[in-house]
Amino acid sequence: MRRLWRGTAIATMDGGSPWGWIPDGALLADGDRITWVGPASASPPDQAADVVIELGGGVLLPGLVDAHTHLVYGGDRAAEFERRLQGVSYEQIAREGGGIRSTVAATRAASDDTLLAGAIRRARALMTEGVTTLEIKSGYGLSEHDEARCLRVARAVGTATGLTVRTTALPAHALPPEYEGRADDYIDAVCQWLPRWHAEGLVDAVDAFCERIAFCPAQVERVFSAARSLGLPVKLHAEQLSDSGGAALAARHAALSADHLEWLSDEGIVAMAAAGTVAVLLPGAFHFLRETRLPPIARLRAAGVPIAVATDHNPGSSPTLSPLLMIHLACTLLRLTPEEAVAGITREGARALGLADRGTLRPGQRADLAHFDIDHPRALAYAFGQHPACRTWVAGQETA
């Protein structure tokens with residue numbers, strides 16, 4: 001089936017010119033692949049398409065790619081948010097048994113159906129703002145059985161919604177209570193679980209939390225070595241609360257991305273640049289935790305490190321379901337330009353997931369599209385909270 005989209009401006013985000021901007025553009029796809037994109041005056045005739053989609057203005061962009069989410073979990077942590085507003089730190093709450101551990105308890109107690117219904121609802125909310133591909137991490141089961149349950153639910157989210165869902169195993173997220181005081185034993189267990197999950201086809205990548213309230217670099221190194229022995233790519237929650245050297249560790253393992261990065265060092269930047277590791281910025285968590293130390297944006301730019309932007313949807317530090325708000329916050333809080341922020345959740349978001357077939361609009365790319373009722377894509381950064389009308393297509397098919 002050949003489809004022609006026209007009657008719209010197009011921002012290809014292909015990096016060849018600002019925004020890849022085509023003021024009056026058209027795009028042709030054959031099946032799930034883009035075959036042509038350019039000015040409407042030079043577009044193929046209507047007879048070249050089986051279906052013509054008249055968009056009536058607005059802007060056509062690549063489908064948004066949310067490269068860091070934790071959509072599968074039980075419960076919420078609104079009470080902890082209230083405590084933080086009263087001056088209790090995120091780290092203190094975690095050390096008291098709250099934080100991730102409280103979500104682990106709620107997740108273990110929830111049925112598969114309950115977890116799936118919640119995750120589908122959250123995924124559909126992301127879709128209303130243009131998301132066509134997302135990553136879902138585990139990390140709230142912290143046992144072989146419950147982590148596998150969460151990964152299966154994540155797979156089911158893709159089936160139920162039509163989205164591309166990349167699953168990332170994050171068992172090294174926090175130390176579960178049954179392993180209190182035995183972190184190395186827990187890492188041993190994680191390294192034994194990974195081959196079984198991989199054999200079941202549940203895992204696309206492996207992540208860990210390298211931080212003083214989570215796991216040290218030596219422990220993360222063991223998890224990454226186990227993942228790489230299975231041919232699985234790795235990612236890392238790195239340098240969020242302190243400089244643990246996590247970004248350099250991730251780069252040594254050719255990590256797809258290192259995420260958060262408020263405390264990223266110059267050594268980490270150099271290592272990431274050499275490895276091609278994407279810096280994934282998470283402005284929702286930065287805002288929600290009222291952080292004040294900015295990621296080193298200028299130094300990342302100067303080093304040529306690709307910069308992605310993601311929601312980090314999770315119940316404890318970024319309960320947002322608005323990728324458009326993340327574009328705005330990436331500009332206002334983290335000092336990205338509007339074009340960098342939009343590229344961060346299209347082209348660079350796809351790069352952070354190791355997906356070379358989306359994130360830009362050019363021939364050969366998958367026809368993942370998002371059409372917004374705006375005059376220019378800079379409006380996605382400017383008009384926060386306005387929720388412009390949006391239509392999306394995944395592999396050429398319009399989503400419900």
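By the 4.5 Å heavy-atom criterion applied to side chains, His68 and Thr168 are not counted as neighbours. Considering only heavy atoms from C-beta on, Val131 stays 4.5 Å or farther from Val65 through its side chain. Leu353 places none of its side-chain heavy atoms less than 4.5 Å from the side chain of Arg351. The side-chain heavy atoms of Trp197 and Glu144, taken from C-beta on, include a pair separated by under 4.5 Å. With a 4.5 Å cut-off on side-chain heavy atoms, His253 and Ser225 count as touching. A 4.5 Å side-chain heavy-atom check between Leu361 and Leu369 finds at least one atom pair inside the cut-off. Counting only heavy atoms from C-beta outward, the side chains of Cys331 and Thr337 never approach each other to under 4.5 Å. By the 4.5 Å heavy-atom criterion applied to side chains, Gln240 and Trp263 are not counted as neighbours.
Residues Val270 and Leu249 are members of separate hydrophobic clusters, defined by side-chain heavy-atom contacts under 4.5 angstrom among Ile, Leu, Val, Met, Phe, Trp and Tyr. Both Leu134 and Leu380 are members of a single hydrophobic cluster when ILVMFWY side chains are connected at heavy-atom separations under 4.5 Å. Residues Val278 and Leu355 do not share a hydrophobic cluster, defined by chaining ILVMFWY side chains whose heavy atoms lie under 4.5 Å apart. Cluster membership check: Ile374 does not share its hydrophobic cluster with Met326, using side-chain heavy-atom separations under 4.5 Å among Ile, Leu, Val, Met, Phe, Trp and Tyr.
A salt bridge links Glu178 and Arg108; the closest N-O separation between the charged side-chain nitrogens and carboxylate oxygens is under 4.0 Å. Of the charged side-chain nitrogens involved, none lies within less than 4.0 Å of a carboxylate oxygen, so that Glu80 and Arg83 do not count as a salt-bridged pair. Salt-bridge annotation for Asp184 and Arg222: present, with a side-chain N of the basic residue lying under 4.0 Å from a carboxylate O of the acidic one. A salt bridge is defined here as a Lys NZ or Arg NE, NH1 or NH2 lying under 4.0 Å from an Asp or Glu carboxylate O, and Glu180 with Arg101 meets this definition. By the 4.0 Å N-to-carboxylate-O rule, Arg152 lies too far from Asp112 to be salt-bridged with it. Note on Lys137 versus Asp207: salt bridge recorded, some NZ/NE/NH1/NH2 to OD/OE distance being below 4.0 Å. One finds no salt bridge joining Arg391 and Asp373 here, because no Lys/Arg side-chain nitrogen approaches an Asp/Glu carboxylate oxygen to under 4.0 Å. At a threshold of 4.0 Å, the pair Arg3-Asp50 does not count as salt-bridged, since none of the basic side-chain nitrogens sits closer than that to a carboxylate oxygen. Looking at Asp357 and Arg33, a side-chain N of the basic residue comes within less than 4.0 Å of a carboxylate O on the acidic one, giving a salt bridge.
Checked by atom type and distance alone, the side chain of Thr320 never pairs as donor or acceptor with a backbone atom of His313 at under 3.5 Å. Side-chain atoms of Arg335 come within 3.5 Å of backbone atoms of Leu333 as a donor-acceptor pair (strictly under, hydrogens ignored). Of the possible donor and acceptor atoms, one in the side chain of Tyr186 sits under 3.5 Å from a partner among the backbone N and O of Pro171. For the pair Glu129 (side chain) and Leu324 (backbone), a donor-acceptor distance under 3.5 Å is present. Formation of a donor-acceptor pair under 3.5 Å by the Thr69 side chain with backbone atoms of Asp312 is not found in this model. Judged by distance alone, the side chain of Thr277 and the main-chain N or O of Ala255 form a donor-acceptor pair under 3.5 Å. Distance alone, capped at 3.5 Å, places no donor-acceptor pair between the Gln192 side chain and the Ala189 backbone. Checked by atom type and distance alone, the side chain of Thr161 pairs as donor or acceptor with a backbone atom of Leu163 at under 3.5 Å. Without hydrogens or angle criteria, Glu239 side chain to Gly246 main chain gives a donor-acceptor distance under 3.5 Å. A donor-acceptor distance shorter than 3.5 angstrom exists from the side chain of Arg347 to the backbone of Met13, with no hydrogens or angles considered.
Rounded to the nearest 0.5 Å, atoms CG (Leu334) and CG (Leu261) are 10.5 Å apart. For the atom pair Met272 CE and Leu264 CG, the distance stands at 6.0 Å (nearest 0.5 Å). Annotation: the span from Glu135 atom CD to Lys235 atom NZ amounts to 4.5 Å, rounded to 0.5 Å. For the atom pair CD (Glu262) and CG (Asp243), the distance works out to 12.0 Å, reported to the nearest 0.5 Å. Put simply, SG on Cys210 and CG on Leu241 are 11.0 Å apart, with the number rounded to the nearest 0.5 Å.
Contact record, Phe288 with Ser317: CB-O, 3.1 Å, taken as the closest heavy-atom pair. Contact between Ala227 and Val234 at its shortest, heavy atoms only, is CB-CG1, 3.8 Å. Arg358 and Ala350 get closest at one heavy-atom pair: O-CB, 3.4 Å. Contact between Val52 and Ala49 at its shortest, heavy atoms only, is CG2-CB, 4.4 Å. Scanning all heavy atoms of the two residues, the minimum distance from Val220 to Phe209 falls at CG2-O, 4.5 Å. Nearest heavy atom pair, residue Leu4 against residue Ala26, reads CD1-CB, 4.2 Å.
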So Ile34 and Leu28, side chain to side chain contact (heavy atoms under 4.5 Å, CB included) or not? Walk me through it. CA-CA 6 Å; Ile34 298 169; Leu28 183 69; over 6 Å; no
Take Arg6 and Ser43 through the test side chain to side chain contact (heavy atoms under 4.5 Å, CB included) and record every step on the way to the result. CA-CA 9 Å; Arg6 68 184 184 187; Ser43 68; 5.8 Å; no
Side chain to side chain contact (heavy atoms under 4.5 Å, CB included) evaluation trace for Thr132 with Arg366: CA-CA 11 Å; Thr132 56; Arg366 204 169 83 148; 5.8 Å; no
Please test Arg301 against Glu340 for salt bridge (charged side-chain N to carboxylate O under 4.0 Å, His left out), starting from the C-alpha separation and ending with a verdict. CA-CA 10 Å; Arg301 281 193 196 111; Glu340 285 175 326; 2.6 Å; yes
So Leu71 and Leu126, side chain to side chain contact (heavy atoms under 4.5 Å, CB included) or not? Walk me through it. CA-CA 11 Å; Leu71 289 191; Leu126 295 173; 4.2 Å; yes
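Using the six-membered ring where Trp is involved, His173 and His237 have ring planes that are tilted, between 30° and 60° apart. In this structure, Trp5 and Trp393 have perpendicular ring planes: the angle between them is above 60°, well past the 30° mark.
Looking at Ile307, Asp259, Leu294 one by one, the single match for side chain to side chain contact (heavy atoms under 4.5 Å, CB included) with Leu281 turns out to be Ile307. For the pairing with His371, the side chain to side chain contact (heavy atoms under 4.5 Å, CB included) check across Thr392, Leu61, Leu55 returns one residue only, Leu55.
Inspection of the Thr103 and Arg77 side chains reveals an N or O donor paired with an N or O acceptor under 3.5 Å. Side-chain N/O atoms of Thr35 and Asp30 include no donor and acceptor closer than 3.5 Å.
Cation-pi check for Arg122 over Tyr73 is met; the charged atom lies under 6.0 angstrom from the ring centroid and within 45 degrees of its normal.
Annotation for His287: atom NE2 does not count as buried by contact number, only 12 or fewer foreign heavy atoms lying within 6.0 Å. Within 6.0 Å of OH on Tyr179 lie more than 12 heavy atoms contributed by other residues, nucleotides or ligands.
Between His376 and Trp19, the ring center distance clears the sub-6.0 Å criterion.
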